[in-house]
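Below is one structure, written out as structure tokens; comments come after it.
All residue numbers refer to positions in the sequence shown, counting from 1. Note that the structure is a prediction, hence the values are computed from the model and not measured.
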Amino acid sequence: MQKHEKNMVTEEAVDEEYMLEAVPQNKRRSTYSQIMVWVGFGYCATGLFVGGTLAGYGGAPGLNLMDAILAIIIGEGSLLIMTAFLGIAAQKTGLNLSLISRYSYGSKGFIIPMAVMAILTFGWFANIVGMVADIWGGFLGNPTGITVFSPSDWGYTGVADITLEVLIAVIFWGVVFTVSAARGMSAIEKIANVVCPIILIVALIAGVGMIMDGGGVGVFAQKAGKLGGLGIGTGINAIVGSWVAGAVMGVDMFRFNKSRKAVWWCAAACFVFTNPLLNFVGYIGSVTVEQYNYVAWMMGFSVILALVAVFTWTTSLWTTDNSELYCNSLYMGPIFDSLGMKVGRKPIVVVCGILGTILGAIGFYQIFFADFINILGAMAPPLCAPILADYYLIGRKKYDNKLLHTQPKWRLAGVLTFIIGAILGYIFQYVMPLPFNLPAGLVAMIISIFIYYVLYQILPDKKEDAKLMNTL
């Protein structure tokens with residue numbers, strides 16, 4: 001093989017999922033398949049967990065039924081709008097999040113937000129592997145009697161031990177998720193097309209079953225009406241925090257959409273149909289049977305129902321974790337490329353999959369999950385602000401693919417906006433809570449959009465764009 005041919009093969013191996021270039025129109029995916037990907041992506045245990053939070057699971061403050069519904073509508077609606085607007089930019093340009101960020105952050109500056117996204121998606125992968133292993137540990141029990149790791153020995157009381165059975169489940173499913181993610185978007189679609197209709201039906205049946213098991217609709221409404229003390233803003237922040245990373249990650253899937261209409265359908269599949277359903281099912285379960293996780297509830301009835309529950313849980317989280325690891329590679333790959341290192345997507349998936357599995361095996365989900373999504377909800381949304389402000393307020397004409405590799409190294413408006421926005425999100429969440437319990441992350445993002453627009457006018461970015469546009 002000649003040297004030129006070898007270079008072509010190497011380049012193709014690195015960019016087989018369009019990691020470093022726009023997805024051409026003739027490589028876009030069917031709308032139905034992409035909708036199923038989003039159903040699977042949105043079907044995650046966090047939706048149930050947040051539903052339990054809204055219901056005050058474990059005796060904590062909660063929201064009454066109408067306030068919970070309002071929080072779900074506002075929270076999921078905010079995610080829908082944020083996701084769709086980011087998705088339209090991705091669909092029009094065909095660029096993944098790393099590449100489209102270069103226009104507002106710079107060819108080196110984009111490393112900052114993408115490093116954050118890489119950490120977030122890596123953390124989610126480890127969390128989700130832990131969720132799957134946790135439910136398999138509950139199903140299998142601990143017949144060996146072997147405890148591999150006890151969080152209580154390290155001061156984390158009330159956290160279940162990592163048994164040998166849980167460890168084996170972590171390793172097995174970590175390998176499965178890693179292999180399927182390494183195969184790319186086509187493998188994610190195939191899995192989603194099969195399992196997503198099934199898992200939606202099971203969730204609906206479980207919700208009805210928990211209401212009946214708890215005494216019926218009347219009893220549920222009576223118990224839900226007595227809840228209070230949480231604050232709608234806190235509830236909204238929990239919803240946004242649980243999925244803001246997914247909203248941003250959506251760019252990496254929307255670039256495969258054929259039209260703007262497809263973007264809206266995909267976003268709705270997650271934030272109108274799937275995730276709100278899980279929020280409500282988790283709320284119902286917490287109120288009626290004191291268990292937000294319908295899988296744990298189903299496991300208490302019979303072996304057959306337990307098998308159905310474990311299968312549903314595993315396959316639903318499989319589709320989600322595929323997307324986490326897939327998108328993680330699309331953040332890490334361009335970062336390496338901008339630093340002069342050519343690293344293929346598959347090696348990144350494999351390495352991150354192994355490391356994430358190790359984290360899952362030592363209790364990352366059991367110990368850090370709640371803090372992880374709270375911090376995420378407060379500090380991650382401002383990451384979107386420079387992209388949204390630049391594309392919709394500054395102008396879409398600058399998003400010409402011919403200018404992708406001619407961007408200045410640093411876009412100070414974007415970098416400074418994200419830093420300021422993340423700090424504001426943290427302050428609003430942990431230092432100086434907003435009035436009316438307004439969601440910290442969302443407010444920080446909205447403020448950051450205006451900050452970017454102002455900074456863009458007074459920093460060199462505007463002049464840089466004028467020079468670039470003259471080259472077209």
Problem - Heavy-atom pair with the smallest gap, counting every atom of Ala182 and Val349 - result: N-CG1, 3.7 Å

Exercise for the section: Heavy atoms only: give me the nearest Gln457-Lys462 pair and the separation to one decimal. Expected result: OE1-NZ, 3.0 Å

Problem - Asp252 versus Tyr326, side-chain donor and acceptor atoms under 3.5 Å - result: no

Practice task
State whether the side chain of Tyr283 and the backbone N or O of Ala68 hold a donor-acceptor pair below 3.5 Å, judged by distance alone.
Solution key: no

Exercise for the section: On the 0 to 90° scale, with breaks at 30° and 60°, tag the Phe85-Tyr392 ring pair as parallel, tilted or perpendicular. Expected result: perpendicular

Exercise for the section: Please report the C-alpha distance between Thr31 and Trp265 in whole Å, then the side-chain angles of each, then the deciding distance to 0.1 Å, and finally whether the side-chain hydrogen bond (donor to acceptor under 3.5 Å, both in side chains) criterion is met. Expected result: CA-CA 8 Å; Thr31 299; Trp265 273 110; over 6 Å; no

Problem - Donor-acceptor under 3.5 Å (Arg28 side chain, Arg255 main chain) - result: yes

Practice task
Please report the closest heavy-atom contact between Tyr331 and Ser98, naming both atoms and the distance.
Solution key: CA-OG, 3.4 Å

Practice task
Search all heavy atoms of Ala203 against all heavy atoms of Leu277 and return the closest pair with its distance.
Solution key: CB-CD2, 4.0 Å

Handout entry: Heavy atoms of other groups near Met341 CE, more than 12 under 6.0 Å
Key = yes

Exercise for the section: Check whether more than 12 heavy atoms from other residues, nucleotides or ligands sit under 6.0 Å from atom OH of Tyr453, and answer yes or no. Expected result: no

Problem - Sequence neighbours excluded - side chain to side chain donor-acceptor pair (under 3.5 Å) pairs with any residue from residues 400-409 - result: Gln407-Arg411

Problem - Donor-acceptor contact present, side-chain Asn328 to main-chain Ala118, <3.5 Å - result: yes

